[in-house]
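Bear in mind that the values here come from a model prediction, so they are computed numbers and not experimental data.
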Amino acid sequence: MSAATIPFDNSYARLPDAFFAPVDPTPVEAPQLITFNRALAEELGLDADLLERHGAGYFSGNVALPGSLPLAMAYAGHQFGQFVPRLGDGRAILIGEVIDRAGKRRDIQLKGAGQTPYSRRGDGRAALGPVLREYIISEAMHALGIPTTRALAAVTTGQPVYRDRVLPGAVFTRVAASHIRVGTFQFFAARGETDNLRILADHVISRHYPELKGTERPYLALLDAVADRQASLIARWLGVGFIHGVMNTDNMTISGETIDFGPCAFMDRYDPRTVYSSIDQHGRYAFGNQPAIGQWNIARLAEALLPILDDNEDKALEAANEAVTRFMERFQIHWKTVIRAKLGLPDAERESDQDLIRDLLVTLYEQKADYTLTFRRLADAAEDASADAAIGALLEDPAALGSWLAAWRERLSQDATTPQARAAAMRKVNPAFIPRNHKVEEALTTAIDEGDFSLFAALNDVLSKPYADQPAFAAYAEPPKPGEEITATFCGT
């Protein structure tokens with residue numbers, strides 16, 4: 001491969017030594033390419049034909065890409081509320097950065113490429129199941145229009161990994177705006193390295209928030225900007241029923257992208273208390289808790305930034321507290337935008353709209369209604385009242401939403417938008433297809449146990465068009481039948 005194929009420009013590798021540890025991927029025995037995202041490769045400005053031909057070697061880490069500077073990033077983090085001062089990339093290796101066709105800087109990282117100095121007694125490897133899960137979910141999130149890391153490739157390694165049982169190994173190639181986390185700031189704050197904290201903040205501003213350069217208080221502006229992006233991101237998660245599962249501060253990006261799809265899942269029946277992650281024993285990261293945890297994480301970022309927010313400690317603390325307090329206000333603004341669009345409500349808000357939203361969600365909870373399908377059927381009902389029966393079929397009591405539907409239609413009638421235009425707009429924000437947990441597990445099990453990736457490929461194809469009806473694939477839109485429901489998901493570490 002010629003050096004020009006991957007135009008690396010590795011800015012993170014130019015930061016001080018304390019930011020990372022240089023480390024090469026550990027070769028594997030018999031890599032085979034499972035899947036390659038040609039569209040993403042072309043978006044990145046890469047030679048897709050060449051990468052696909054030689055993908056097993058490149059995406060396993062067996063063959064170094066010219067111009068790459070492999071490194072493991074240092075960071076700390078709060079894990080389920082407990083601070084760990086030194087985490088870092090224990091099984092992920094950043095091989096470099098490229099400037100994509102849109103002029104944006106993107107990281108390319110291998111997950112499962114071997115041990116690093118931060119492996120903490122781990123093997124540095126990844127099992128096939130978590131690799132495929134991250135591929136499916138991250139690409140589905142992208143198709144849903146939610147900021148997310150992306151999947152460039154997945155390979156099997158020909159070597160086993162040892163978890164609760166022996167599993168096939170794999171390596172995942174992830175693309176991100178960057179892999180800088182709240183925990184990256186915490187790493188330097190905990191060590192009292194104020195100079196490195198400032199270097200990191202300047203790097204982040206230059207890379208993700210260049211509009212903040214030259215402002216009077218750029219680091220406070222950075223805190224506000226990160227808070228706003230995270231508030232927006234979480235509102236979008238709630239809009240599609242996504243539950244991250246492990247919202248630790250080391251799993252929260254400064255760029256505002258969704259990252260680390262371990263025990264994540266999409267909610268079937270609407271219940272704010274829904275938890276899938278097997279390691280979330282007390283529901284810390286339940287569906288409805290995610291906004292509050294987002295605010296908690298922003299508070300941890302504010303704490304880390306205190307030494308550079310203001311020379312006066314009291315002023316720094318006051319500014320940080322104000323930024324943290326504003327988080328929930330920001331979230332409510334973003335959530336209101338999301339939920340109003342899902343319901344087709346007019347732009348001109350009325351005080352009674354909040355009651356309309358609340359009453360719907362309460363009824364969905366009481367009726368154990370499927371979250372995704374209810375909103376999709378509402379898009380149909382916005383155009384044709386005969387679709388009300390399909391909504392009723394999702395409820396334990398088919399008549400439970402009767403009066404609500406009447407009130408909703410009365411509210412919609414106060415807007416000049418035609419029913420057809422409103423329904424079309426609602427279908428653009430209410431997906432027909434999400435990564436249903438039982439379908440994801442079916443695809444993973446078939447791949448792991450039988451080496452058959454056909455269901456994995458089919459699921460990815462369906463999820464690439466989540467807002468289209470796709471009648472031939474209607475089964476992928478259906479909630480799980482009795483006996484199919486997935487109640488627990490597992491971290492792949």
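At least one test fails for R330 against the ring of W335: distance under 6.0 Å to the centre or angle within 45° of the axis.
Between E42 and R101, none of the side-chain N atoms (NZ, or NE/NH1/NH2) sits under 4.0 Å from a carboxylate O, so this pair counts as no salt bridge. Of the charged side-chain nitrogens involved, at least one lies within less than 4.0 Å of a carboxylate oxygen, so that R133 and E441 count as a salt-bridged pair. Taking a cutoff of 4.0 Å between a charged side-chain nitrogen and a carboxylate oxygen, D461 and K465 qualify as a salt bridge. The existence of a salt bridge linking E134 and R174 is confirmed by a sub-4.0 Å separation between a basic side-chain nitrogen and an acidic carboxylate oxygen. For R150 and E139, the salt-bridge test passes: some basic side-chain N is under 4.0 Å from an acidic carboxylate O. A salt bridge does not link R376 to D370: none of the charged side-chain nitrogens sits closer than 4.0 Å to a carboxylate oxygen. For the pair R358 and D355, the salt-bridge criterion is met [side-chain N within less than 4.0 Å of a carboxylate O]. Salt bridge E485/R269: present, at least one basic N to carboxylate O contact under 4.0 Å.
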Task: Trace of the side-chain hydrogen bond (donor to acceptor under 3.5 Å, both in side chains) decision for H78 with N297 - done: CA-CA 9 Å; H78 276 86; N297 288 344; over 6 Å; no
Open item on the list: Determine whether I136 and L444 satisfy the following criterion, side-chain contact (heavy atoms from CB on, under 4.5 Å), listing intermediate values before the conclusion.
Closed with: CA-CA 10 Å; I136 291 168; L444 301 192; 4.2 Å; yes
TODO: May I have the step-by-step check of side-chain contact (heavy atoms from CB on, under 4.5 Å) for L167 and I448, ending in yes or no?
DONE: CA-CA 8 Å; L167 295 165; I448 295 166; 4.2 Å; yes
Open item on the list: Between I146 and V240, is the side-chain contact (heavy atoms from CB on, under 4.5 Å) condition met? List the steps.
Closed with: CA-CA 9 Å; I146 297 172; V240 295; 3.5 Å; yes
Task: ring pair (Phe, Tyr, Trp, His ring centres under 6.0 Å) between F375 and Y371, worked out - done: CA-CA 7 Å; F375 279 98; Y371 186 69; 5.3 Å; yes
- [ ] Under the side-chain contact (heavy atoms from CB on, under 4.5 Å) rule, what do R38 and D49 come out as? Steps first, then yes or no, please.
- [x] CA-CA 8 Å; R38 288 186 62 90; D49 290 334; 2.8 Å; yes
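No donor-acceptor pair closer than 3.5 Å links the side chain of D384 to the backbone N or O of A387. At least one donor-acceptor pair under 3.5 Å links the side chain of D123 to the backbone N or O of R125. The closest donor-acceptor contact from the side chain of Q290 to the backbone of H244 lies under 3.5 Å. N248 contributes no side-chain N or O that, together with a main-chain N or O of N251, makes up a donor-acceptor pair within less than 3.5 Å. Side chain of E484 to backbone of H438: no donor-acceptor contact under 3.5 angstrom is found. No donor-acceptor pair closer than 3.5 Å links the side chain of D107 to the backbone N or O of V175.
Taking a 6.0 Å sphere around CG of D347, one finds it holds 12 or fewer heavy atoms contributed by other residues, nucleotides or ligands.
Under the ring pair (Phe, Tyr, Trp, His ring centres under 6.0 Å) criterion, F266 pairs with F242, not counting sequence neighbours. For the ring pair (Phe, Tyr, Trp, His ring centres under 6.0 Å) test, residues two or more places apart in sequence or in another chain that qualify with F59 are F36.
With hydrogens and angles left out, the side-chain atoms of T363 and W404 include no donor and acceptor closer than 3.5 Å.
Taking the centre of each ring, Y467 and F433 stay at or above the 6.0 Å mark.
The ring-ring contact (aromatic ring centres under 6.0 Å, His included) contacts involving residues 132-182 comprise Y135-F456, where partners must be two or more places apart or lie in separate chains.
Considering only heavy atoms from C-beta on, M252 comes within 4.5 Å of I298 through its side chain.
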